[in-house]
Amino acid sequence: MKSPFRPVRVPDPAILDDHRRLIARLERRGFIRGGLSLGALAMLTGCDVSSEPGVDKALRLVSSWNDRVQGALFDPTHLAPTYPESMILRPPKFNAYYDITQVKPVSAQDWKLELAGLIADKRPWTAERLATLPETEMVIKHICVEGWDYIGGWSGPTLRSFLERVGADLRAKYVAFKTADDYPSSIDMATALHPQTLLATKYGGAPLADPFGFPLRLRMATKLGYKNPKWITAIEVTNRYPGGYWESLGFNWFGGM
Amino acid sequence: MNSNSTDTAAQSSGNSSELPRLHPWPVRLMHWTNATAMIIMILSGWGIYDDYVIIPGLHFSETFRLGPWAAPSLLWHFAGMWLLAVNGCCYVIYGLLTGRLRERMLPIRLAELVQTVRDTLHFKIAHEDLTVYNAVQKLLYIVVILAGISQVLTGLLIWKPIQFSAAVALLGGFQAVRLEHFLGMGVIVGFLIVHVALSLLVPQTLWAMLTGGPRLPTRKELS
């Protein structure tokens, strides 16, 4: 059926010839691109330069350069100052991306430490077996990226002794952690092998309390607080950059002190 | 020496375009690079400070902070530090090698210092000759250069308190260094307020820092 909207006589297509070049240049992509730049310009007037994708990308690029600088500055033999046991703060300070009332305790019976990546013996560990490893104690300063600090006393096997025991490839770049509170984290191998890097099971001589990572957490004397995951459930040795919770939100990955 | 003698010296040499300007281009470049770096460091520093304040009740308004929360502020601070430190090193090395620092900042005489303060309090701000700094200016510039150096050093210690644990202990511990870094910011912000206010009061100084200012007689001609 003939549409009532269609003209009876179609105009000569030659009238388009004058504009053919212009029409050929019209592209949907061009409109989108132009629209986006206009939007970006409008955002600038809102004036938050940090959230500009280009600025954020450049800042994060400098941050990964800073990771390399920190790796070079890190002295694997330099020990952090230690303090007398009398200075230990009891209980330690709680800090996480959620409130202390939202801590979900981990049961020691059900808990297992899974191993993955460049590790020879990947059999999971129980809390009992972990307790058979020789223990190291350290009373060190915890410094938060926010600026506060306190002195804490931690004990447990060194991460180095554990990695050696399970036959991890100690030439790999990263050691990554998974936790029960969904707080993935990762560190460089040099720090993992530092004598003041512990798989802590105790605080102030007693087993870790629930809010502080029972049954197993990482404690490093050479990195900022947010680099120390609690309630560890899995350890992976890898050469692929694993990132972490706060790191994906813009905190520096190395986080060394 | 006043501006007239400068002009005369320039004319007498017959080839004024070869005479150095008050602020040669490296100084101007480093000055404005430093201004940018300082603003980045101060505003992002305020964003970092706010997570754990040093003076209870003292917060910096979000309007002035660089970065909507701590992570972006930290990213800015730890990027700006390279600009500040590298540019600052260039400035000090340049100033020492060319003799500019010694020529402009020294000597400071106590009597002159007292006289300038007295004049300033009577609103007698003499600034006909841009090429000579009075005693107060000299002192302020020395103080702010030292504060800048101190900020870089205390900043390095806050960044790496374990690697440089001996230096941190020497300065009184981590929180003491944090306080020193904060006070250093206060000194620099205080300087900035006076510096910007005076340069707006005597706009030729601002113009000189943009274009180079009057040409100077060479040291030979002065002697």
Contact origin within A/Leu224 toward chain B - heavy atom pairs under 4.5 Å:
neither
Looking at A/Pro157, is its backbone amide N or carbonyl O close enough to the side chain of A/Ser161 to form a donor-acceptor pair, meaning the two atoms are under 3.5 Å apart?
no
With a 4.5 angstrom heavy-atom cut-off, is it the side chain or the backbone of B/Leu75 that approaches chain A, or both, or neither?
both
In terms of heavy-atom pairs under 4.5 Å with chain A, the winner among B/Pro161, B/Ala169, B/Gly80 is B/Pro161
Give the ring-plane orientation class for A/Tyr245 versus A/Tyr97, where under 30° counts as parallel, over 60° as perpendicular and anything between as tilted.
parallel
Could you tell me which portion of A/Asn252 (side chain, backbone, both or neither) has an atom closer than 4.5 angstrom to a non-hydrogen atom of chain B?
neither
Relative to chain B, which segment of A/Ala221 carries a heavy atom at a distance below 4.5 Å: side chain, backbone, both, or neither?
backbone
Pick whichever of A/Leu249, A/Ile143, A/Leu61 has the most heavy-atom pairs under 4.5 Å with chain B.
A/Ile143
Mind ranking A/Ala58, A/Gly256, A/Cys144 by heavy-atom pairs under 4.5 Å with chain B and telling me who comes out on top?
A/Gly256
Can you tell if the side chain of B/Trp76 reaches within under 4.5 Å of the side chain of A/Leu59, non-hydrogen atoms only?
yes
In terms of heavy-atom pairs under 4.5 Å with chain A, the winner among B/Phe164, B/Phe78, B/Trp82 is B/Trp82
Classify the ring geometry between B/His195 and B/Tyr141 as parallel (under 30°), tilted (30 to 60°) or perpendicular (over 60°).
perpendicular
Side-chain heavy-atom pair A/Leu218, A/Leu159 within 4.5 angstrom cut-off
yes
Side chains of A/Ile187 and A/Tyr174 in contact at under 4.5 Å (non-hydrogen atoms):
no
